[in-house]
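Some notes on the structure that comes next.
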Amino acid sequence: MTEALPPIPPGTLPIAARAPGKCIVFGEHAVVHGAPELLFAIDLETQVFVRPATTTQLNGDVDAVPRHPYFSRALASVWADGPPIDVRAVSRIPRAAGLGSSAAFVAALVAALGSATGGIDRPTLARRSFQVERGAQGVGSPGDTTAVVGGGFLAVNGGPGAPLWTVEDGARQWEVRRVTDPGWVWVVAHSGIPRSTADAVRSVGERLARPDGPSLLAQFREVAEAGLRAVERADRSEVAELLSRNQQLLREVGVSHPRIEELLRAAAPAADGAKLTGAGAGGSIVALPAPGKETELVRRLARAGGLPFVVRPAPEGAGLLEPPR
Ligand code: MEV
């Protein structure tokens, strides 16, 4: 039976909402070109607080609409005729780090505004959030917005069972399916190098347009499909091996970075496997700690200059924050 994810219920302002960040285990970049991706929502989150105001503003900035494309596109998508609002956003997700900070901001804001306009079901929240993020970035797949709306482990364009929902952008359609969480602890670490997702996606698109592009894309697909099956079987050694193979492909398409490589070297003695996560060209790594070596892994990454976080899959996607009782 297909899992029914709860809708965002109707509410009245003020409304507070939250959404988790995300971590891509296999298939970033290739997913933009239709290949499978496996990712999970992480237990670092963004919260937004929305209340009526005399002038629309974001964190006190009354010029946020022209300056902040994610904010302005979210308003245009779900609040076009709405009265002025004061939006405050707070986040534990590092920005421009490949951990889903923009998707979480968009999904939390669309959830809050969707609630204030009569409620919103989850597939619509996922599609709207994707349209907003895609509109602001110009390129990309619905992977990030899917993860932060769906929660837990999810596959895009792969995985078992019936789709939870599909997302279309005219030229392409992506299917979203639930994947069983193997129950592991993961470590992500930000390199401190901010990057532009749009630039990285464009440069990989150019790389994949070269004559060996189709064969590279086929290898991304093969690794992600094998990774999905290995995660479903909770086969750590196979997942570890596939993380290294995926990293090698990401190097070949030019989105690793010297700081990412340093973090991967620092992680190696305490990790079963590791790779960059997200758009790369800076950003973050994800590592599967060797059992019992979680603390050593975090220490090694911090000593190498990274900003590490121990993360677990957050089972719940975007939702409303309950008012205090
Ligand atoms: C970015 O988090 C993941 C990419 O695959 C882009 C996307 O899917 O939108 C690089």
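Counting convention: from 1, in listed order, for ligands and their atoms alike. Throughout, residue positions are numbered sequentially from 1 according to the sequence presented.
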Problem set entry | Contacts of R178 that satisfy side chain to side chain contact (heavy atoms under 4.5 Å, CB included) - sequence neighbours left out | E3, L5, L154, L164
Exercise. Yes or no on salt bridge (Lys or Arg N to Asp or Glu O under 4.0 Å) for R259 and E262, after CA distance, side-chain angles and deciding distance?
Worked result: CA-CA 5 Å; R259 291 286 299 126; E262 275 173 42; 2.5 Å; yes
Seminar exercise, completed: In chain-and-number order, ligand 1 lies under 4.0 Å from a heavy atom of each of K22, I24, E28, H29, V31, V32, G140, S141, D144, V201, G278, A279
Exercise. Side chains of D121 and T124: donor-acceptor distance under 3.5 Å anywhere?
Worked result: yes
Exercise. Are side-chain N/O atoms of Q173 and T166 paired as donor and acceptor at under 3.5 Å?
Worked result: no
Seminar exercise, completed: Heavy-atom closest pair (I193 atom, A281 atom, distance to 0.1 Å) is CG2-O, 4.3 Å
For this session: For R195 and T197, test the side chains for any donor-to-acceptor distance below 3.5 angstrom and give the result as yes or no.
Result: yes
